[in-house]
Amino acid sequence: MKNGDIVQKLLAWFARHARDLPWRRTRDPYAIWVSEIMLQQTQVKTVLPYWRRWLRALPHLAALADAPPATLHKLWEGLGYYARVRNLQRAAQIIQQQHHGRFPRDFDAVRALPGIGRYTAGAICSIAFNQPRPVLDGNVMRVLARLYGVAGNPRAGRANARLWELAEALVRRAAGLRARRGCAALNQSLMELGALVCAPRQPRCALCPVSGACVAHRTGRVAELPERPRRTRPTPRRFMAFVVDRHGRVLVRQRPAGGVNARLWEFPNVEVAPGDSDARAAARKALGRLPAALEPLAVLPHTITRYRITLAAYRAAWRGETTPSRAGARWVERRALNQLAFAGAHRKILRQLQAGPGKPS
DNA sequence: TAGCCGTGGAT
DNA sequence: TATCCAAGGCT
């Protein structure tokens, strides 16, 4: 089967089976851009409510460029990879200054914006502007590695370069057809096929429109392709968090810029050694002599690196020597905690706190 | 190049 | 429970 036939099959399949997603109902590059950033390493189902809320709060590019960072963090809270939201605003400001507030259509200009790599630039240019630019995300890597029998690490080296070539050949073919918005549809069809049919495990080859052309299917290598290099194992780490309540106000701290959960808020916490079965005792020991009111509430299970409040900042805050500009620690009214952006286990602690007099975990 | 950067869902 | 993975980018 030739590439032209593959493209036709994919387009026909996509026309029938594409999910009705809200960002597919618009051609506004701003809205599509926001969806692409949110969707990086994030599932569609997770993104949906965030995207809707974002577009209501910040309906156009100028609103994003001028928004207070705290508002953006709150809108992004829980989505993860928080550098994305900061890059989003930086890019919006660059567009305001260098592109007169109009989202650029030139691929290289789009690619140059912070937070936009080769994939995202291709996605925006093809989906919003129907340009023949290839996309290669996790879905497309899987589809093309199987369809064309591409061995090797699809995320690096020669295999990756080959997959980009294949993706480009297909989208160029789509551009040559009469199909309306063929580039936009072709790229999305590859991603949609990977999401709905050509799944990582137990792919539904019986439903695949291009199984007749699929090298992996023909040679019985669907399960082996794409190759997956071993991922680096995360090192489990535990942290003990404290909810310190003084007359209805709670001690929280803003994390520094750079590193994990940069600039988001957290409850004071200390790391507990893996061998310590009694996390509270270990945390007490780590903190030294504690005020009577300081009662540990929850253990933060974490598998990420670098996640630690400085004890100096914590102790200074407790003694009332808080200098928010440096330590970032504050006493905040319980109700006002809602207005701050927390991440990870701290979000769960906050929910627990607001659910009432919950039990310590 | 490979490790960092979050979170939730699926198996 | 352990592992993988999701519309990746950056360094």
Side-chain angles (χ1 to χ4, degrees), chain A residues 18-19 21-24 31-51 73 76-88 90-91 110-128 133-143 153-161 164 167 184 187-196 198-203 223 226-237 255 257-264 266 300-307 341-348:
Chain A
R19 288 170 290 182
L21 303 174
W23 45 85
R24 286 183 175 157
I32 291 170
W33 169 43
V34 171
S35 79
E36 287 299 337
I37 302 300
M38 285 187 172
L39 285 162
Q40 289 172 359
Q41 299 291 287
T42 310
Q43 297 185 347
V44 166
K45 184 182 175 185
T46 303
V47 166
L48 280 169
Y50 282 91
W51 186 85
H73 278 130
W76 206 268
E77 181 188 44
L79 262 185
Y81 288 141
Y82 297 95
R84 293 185 292 177
V85 71
R86 294 191 299 275
N87 284 334
L88 212 42
R90 281 179 52 211
V110 175
R111 173 71 180 80
L113 294 168
I116 297 185
R118 188 174 177 184
Y119 162 78
T120 303
I124 293 170
C125 286
S126 65
I127 297 173
R133 296 288 181 175
V135 294
L136 187 67
D137 70 337
N139 285 314
V140 181
M141 282 178 197
R142 190 168 55 252
V143 169
N153 181 356
R155 298 183 177 278
R158 294 210 316 278
N160 182 260
W164 274 109
N187 279 347
Q188 292 184 88
S189 78
L190 289 169
M191 295 191 276
E192 195 79 338
L193 191 72
L196 301 182
C198 195
R201 282 169 292 233
Q202 300 183 329
E227 290 182 16
R228 13 184 174 195
R230 293 202 65 74
R231 290 195 174 189
T232 56
R233 276 258 193 71
T235 305
R237 299 173 67 182
R255 294 182 57 79
V260 173
N261 295 336
R263 298 177 202 177
L264 295 177
E266 67 178 6
L300 301 184
H302 262 277
T303 58
I304 53 182
T305 53
R306 293 207 310 279
Y307 194 82
F342 290 78
H346 297 279
R347 293 176 66 226
K348 298 184 175 75

Check: protein-nucleotides 9-11 of chain B nitrogen or oxygen pairs below 3.5 Å:
| residue | atom | partner | partner atom | Å |
| --- | --- | --- | --- | --- |
| dG9(B) | O4' | Gln43(A) | OE1 | 3.4 |

Could you go through nucleotides 9-11 of chain C and list every protein N or O atom that sits under 3.5 Å from one of its N or O atoms, giving the distance for each pair?
| residue | atom | partner | partner atom | Å |
| --- | --- | --- | --- | --- |
| dG9(C) | OP1 | Gly117(A) | N | 2.8 |
| dG9(C) | OP1 | Thr120(A) | N | 3.0 |
| dG9(C) | OP1 | Thr120(A) | OG1 | 2.6 |
| dC10(C) | OP1 | Gly115(A) | N | 2.6 |

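Annotation: side chain to side chain donor-acceptor pair (under 3.5 Å) contacts of Thr46(A) (sequence neighbours excluded): none. Evaluation of the side chain to side chain donor-acceptor pair (under 3.5 Å) rule for Arg142(A) yields Asn139(A) as partners, not counting sequence neighbours. Judged as a ring pair (Phe, Tyr, Trp, His ring centres under 6.0 Å), and not counting sequence neighbours, Trp164(A) has no contacts. For Arg155(A), the side-chain contact (heavy atoms from CB on, under 4.5 Å) partners are Met141(A), Asn153(A), not counting sequence neighbours. Residues meeting the side chain to side chain donor-acceptor pair (under 3.5 Å) test with Ser126(A), sequence neighbours left out: Asn187(A). Shown here are the side-chain contact (heavy atoms from CB on, under 4.5 Å) partners of Arg19(A), two or more places apart in sequence or in another chain: Leu21(A), Arg24(A), Val44(A), Glu192(A), Ala195(A), Leu196(A). Every side chain to side chain donor-acceptor pair (under 3.5 Å) that Arg84(A) has, sequence neighbours left out, goes to Thr42(A).
Residue contacts for Arg86(A): at a heavy-atom cut-off of 4.0 Å it reaches no nucleic acid atom on any strand shown. Within 4.0 Å (heavy atoms only), Gly194(A) reaches no atom of the nucleic acid at all. Using a 4.0 Å heavy-atom cutoff across all strands shown, Leu21(A) reaches at least one base atom of the nucleic acid. Among the heavy atoms of the strands lying under 4.0 Å from Leu79(A) is at least one base atom, whether or not backbone atoms are also near.
Side-chain atoms of Asp137(A) lie closest to dG8(C) of the nucleotides dG6(B), dA6(C), dG8(C). When distances run from any side-chain atom of Gln41(A) to the nucleotides dG8(C), dA7(C), dG8(B), the shortest one goes to dG8(C). Of the listed nucleotides (dA7(C), dA6(C), dG6(B)), dG6(B) has the atom at the smallest distance from the side chain of Tyr82(A).
Closest approach of Val140(A) and Met191(A) over heavy atoms only: CG2-CG, 3.6 Å. Of all the heavy atoms in Met38(A) and Val47(A), the pair that sits closest is O-CG2, 3.4 Å.
Contacts with DNA chain B (heavy atom under 4.0 Å) in residues 154-161 of chain A: Ala156(A), Gly157(A), listed by number.
A distance-only check finds a donor-acceptor pair linking the side chain of Asn160(A) to the backbone of Pro154(A) [under 3.5 Å].
Rounded to an integer number of Å, the gap from Leu88(A) CG to dG8(C) C1' is 14 Å. Regarding Arg84(A), its CZ atom lies at a distance of 11 Å from the C1' atom of dA7(C), rounded to whole Å. For Glu77(A) and dG6(B), the CD to P distance is 14 Å, given to the nearest whole Å. Rounding to whole angstrom units, CZ of residue Arg347(A) and C1' of dT7(B) are separated by 8 Å. For the pair Glu36(A) CD and dA6(C) C1', the interatomic distance rounds to 13 Å; values are reported in whole Å. We find that CH2 of Trp76(A) is positioned 13 Å from P of dT7(B), with the value rounded to whole Å. The OH atom of Tyr50(A) sits 13 Å away from the P atom of dG6(B) (whole-angstrom rounding). Rounded to an integer number of Å, the gap from CH2 of Trp33(A) to C1' of dG8(C) is 16 Å.
Between Trp33(A) and Val110(A), every side-chain heavy-atom pair lies at or beyond the 4.5 Å cut-off. You'll find the side chain of Trp51(A) stays beyond 4.5 Å of the side chain of Ile37(A), heavy atoms only.
Residue Asn261(A) places at least one side-chain N or O closer than 4.0 Å to OP1 or OP2 of dG6(B).
Heavy-atom nearest nucleotides on DNA chain B were determined for Asn153(A) and for Tyr81(A), and the one closer to the 5' end corresponds to Asn153(A).
Remark: the separation of the P atoms in dA7(C) and dG3(B) is 23 Å, to the nearest Å. Only the C1' atoms considered, dT1(B) is 15 Å distant from dG9(C), to the nearest whole Å.
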Expected list for residues 114-125 of chain A: side-chain donor-acceptor pairs under 3.5 angstrom, two or more places apart:
| residue | atom | partner | partner atom | Å |
| --- | --- | --- | --- | --- |
| Tyr119(A) | OH | Glu36(A) | OE1 | 2.9 |
| Thr120(A) | OG1 | Gln40(A) | NE2 | 3.0 |

